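Notes follow the structure.
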2 protein chains.
Amino acid sequence: MDMMQMNIGETAKHSGVSAKMIRHYEGIGLIPKATRSYSGYRTYAASDVHTLRFIRQARNLGFSIKQIEQLLGLWRNQRRPSSKVKALAQAHIAELDARIAEMQAMKRTLQDLAVHCHGDDRPECPILDGLAAPLAADASGARRGRAASTRH
Amino acid sequence: MDMMQMNIGETAKHSGVSAKMIRHYEGIGLIPKATRSYSGYRTYAASDVHTLRFIRQARNLGFSIKQIEQLLGLWRNQRRPSSKVKALAQAHIAELDARIAEMQAMKRTLQDLAVHCHGDDRPECPILDGLAAPLAADASGARRGRAASTRH
DNA sequence: GCTTGACTTTACCATCATAGGAAGGTGCAC
DNA sequence: GTGCACCTTCCTATGATGGTAAAGTCAAGC
C-alpha cells in the first residue's frame, strides 16, 4: 500500500471525514481541488489527511464551516497573531454559551410544567395547559429573567 | 373589525406564527386546510389562532414538528392519559440534556485550549495545535448529526 | 482473457424549520 | 379608478450530512 498517495476511501478512513464530505469540502472550496489519477480518481497525500483531521476536530468542537475556513487560514499562516485564533475561539465559546442557556431555559420551563403533571390515566395535564396558555411561559426569553435567546 | 374570521396576516399577528409558516404547517398537514374566501384567501377563526399559539409555544420549548403533531393529537383528545404527555415531555427533556451536555463538552475542551493561548501578536497557538493534534481532544462525546442549533 | 466485487465518478434528492423573493390577483380607502 | 397593502402559488436558500443511482475503474481469481 502506497501511503504517499491514496484514493478518497482510504483518505476518509485515515482522516475520519467521510468520502462524501471530502468531495463536498472540495466543492465549496474549503480544501483545494484534489489531484486526479489518470482515470479521474482523486488522490491524496498525508498532508491532505492532516488538513482533514484538523477540519474534523474543529467540527467536533462545533465550529461552523465558515469559522473553520478562517481557522485553516490562520493555521497555514506562519505569521498569524495568536490573538486572532483566540478571538475566534472565544466568539465560538460565547455562541455555545448562548445556545446552552437557551436550551437550559427550555428545559427548566418544561420541567416546571412536567412536575405538576400526574402522568397517569387521567386526562388533566398542566403540560398541555401550559402550551395552550395565551401568552405565558415563553421559555425562549423573558421568563424568569433568562438571557434573551436567538429571537427572530 | 370582524374577529370571528380573519385573513392570514391578522392570524399571524395574533398567534405569533408567521403567515409563511402558517401556510407551511398547512402544507405538511400539521394543521387542517384553512377555509377559503370566495376569492381564495385563507380565513381563520379564533380557535385556529389558539392552535397556532399552542404550536408556537411548543416550538419555543424546542419540540420538533413531529413531536408537536403528537402533542396536538393529545391536546385534542379529551380522553388522553396524561402519562403520554408527560412521557413526551420527559423524552424531550432528555434530548435537551444530551445536547446541552454535548455543547458543554465542546465548551470545556475549547476553554482548555484557549486558556493556554497567549492571544498576542506571536504565532504560537495551543488552540491550533490542539485542532491539528492527531487524535486527542475529542469533545464530541455524543453524535454529530444532531448537534446543530435548534434554530437558524 | 473474462468475471466479480470493491471502489470511484457525477448528479440529484432528502433532511429540518424558516426566510426571501417573484409574478400576479384581490380588497378597500381615497 | 387608482394606489397600496394584502393575498396567492411556486421557487430558492440555508448548513452539514446522508442516500441513491448510473456509470466508469481497478485488481484479483479463474
Side-chain angles (χ1 to χ4, degrees), chain A residues 1-2 5-31 33-44 52 55-69 92 95 99 102 106 140 149-152, chain B residues 1-2 5-13 15-31 33-44 52 55-69 92 95 99 102 106 140 142-152:
Chain A
M1 48 178 174
D2 184 0
Q5 283 302 118
M6 22 182 182
N7 284 343
I8 201 168
E10 195 140 7
T11 307
K13 262 179 224 154
H14 289 309
S15 66
V17 179
S18 72
K20 203 92 190 171
M21 289 314 295
I22 295 175
R23 295 193 194 95
H24 178 63
Y25 290 157
E26 178 182 317
I28 63 174
L30 184 64
I31 57 177
K33 290 191 180 175
T35 57
R36 299 288 185 127
S37 74
Y38 153 79
S39 60
Y41 284 16
R42 287 173 181 80
T43 56
Y44 298 92
L52 286 166
I55 292 170
R56 196 205 43 164
Q57 301 265 66
R59 287 289 307 138
N60 282 153
L61 292 181
F63 283 101
S64 71
I65 296 295
K66 272 191 185 164
Q67 290 171 316
I68 293 174
E69 221 166 319
H92 182 47
E95 280 172 38
R99 293 203 270 145
E102 184 180 3
M106 291 176 180
S140 73
S149 62
T150 55
R151 278 252 59 78
H152 61 255
Chain B
M1 49 182 160
D2 184 1
Q5 284 300 117
M6 25 183 178
N7 284 343
I8 200 170
E10 195 139 5
T11 308
K13 262 178 224 154
S15 66
V17 178
S18 72
K20 209 92 187 168
M21 290 313 296
I22 296 176
R23 294 193 194 97
H24 178 62
Y25 290 155
E26 178 183 317
I28 63 175
L30 184 63
I31 55 176
K33 290 191 181 177
T35 56
R36 301 287 186 129
S37 73
Y38 88 100
S39 60
Y41 286 16
R42 287 174 180 79
T43 55
Y44 298 92
L52 286 166
I55 293 170
R56 197 206 43 166
Q57 301 266 66
R59 288 287 310 137
N60 282 153
L61 292 181
F63 284 101
S64 71
I65 296 295
K66 271 192 185 164
Q67 290 171 317
I68 294 174
E69 223 167 317
H92 183 48
E95 278 173 38
R99 294 203 270 146
E102 185 180 2
M106 290 177 181
S140 77
R143 267 289 31 81
R144 192 89 277 301
R146 216 57 202 102
S149 65
T150 58
R151 326 210 202 308
H152 49 221

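Because the structure is a prediction, the values reported are computed rather than measured. The chains referred to below are lettered A, B, ... by the order of the sequence lines, with proteins before strands, and numbering in each begins at 1.
Within the helix from C:dG1-D:dC30 to C:dC30-D:dG1, the inter-axis angle between the opening and closing five-pair segments is 30°, rounded to 10°.
Remark: A:Phe63 pairs with A:His92 by the ring-ring contact (aromatic ring centres under 6.0 Å, His included) rule, at least two apart or across chains. Residues passing the side-chain hydrogen bond (donor to acceptor under 3.5 Å, both in side chains) test with B:Glu69: none are found, sequence neighbours excluded. The side-chain hydrogen bond (donor to acceptor under 3.5 Å, both in side chains) test applied to A:Thr43 returns A:Gln5, A:Thr35, not counting sequence neighbours.
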**OP:** Take A:Arg59 and A:Ile65, measure what side chain to side chain contact (heavy atoms under 4.5 Å, CB included) needs, and give me the verdict at the end.
**Re:** CA-CA 8 Å; A:Arg59 287 289 307 138; A:Ile65 296 295; 4.0 Å; yes
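Summarising the geometry, the separation between CZ on A:Arg99 and C1' on D:dG15 is reported as 12 Å, rounded to the nearest angstrom. Rounded to whole Å, atom P of C:dT18 lies 12 Å from atom CG of B:Leu52. Straight-line distance from the CZ atom of B:Arg56 to the C1' atom of C:dT18: 16 Å, rounded to whole Å.
Here the CD atom belonging to B:Glu95 is positioned 4.5 Å from the CD atom belonging to B:Gln67, to the nearest 0.5 angstrom.
At least one side-chain nitrogen or oxygen of B:Arg59 sits closer than 4.0 Å to the OP1 or OP2 atom of C:dT18. A close approach under 4.0 Å does occur between a side-chain nitrogen or oxygen of A:Arg36 and OP1 or OP2 of C:dT10. Side-chain nitrogen and oxygen atoms of A:Arg42 include at least one within less than 4.0 Å of the OP1 or OP2 phosphate oxygen of C:dT9.
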Output a table of donor-acceptor pairs, distance under 3.5 Å, between side-chain atoms of residues 16-31 of chain B and any protein atom two or more places apart or on a different chain; print 'none' if there are none.
{"from": "B:Ser18", "atom 1": "OG", "to": "B:Met21", "atom 2": "N", "distance (Å)": "3.1"}
{"from": "B:Glu26", "atom 1": "OE1", "to": "B:Ala34", "atom 2": "N", "distance (Å)": "3.3"}
{"from": "B:Glu26", "atom 1": "OE1", "to": "B:Arg42", "atom 2": "NE", "distance (Å)": "3.0"}

Given protein heavy atoms under 4.0 Å, the one-letter contact record of nucleotides 23-30 of chain C, with B base, S sugar-phosphate only and - none, is simply --BBS---
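Comparing D:dG15, C:dA17, C:dT8 by their nearest atom to the side chain of A:Lys66 picks out D:dG15.
Within residues 15-30 of chain A, the residues approaching DNA chain C are A:Lys20, A:Arg23, by heavy-atom distance under 4.0 Å.
In this structure the side chain of A:His14 reaches within 4.5 angstrom of the side chain of A:Met6, judged on heavy atoms.
For the pair B:Ile65 and A:Ile8, both in contact range of DNA chain C, the more 5′-proximal nearest nucleotide belongs to A:Ile8.
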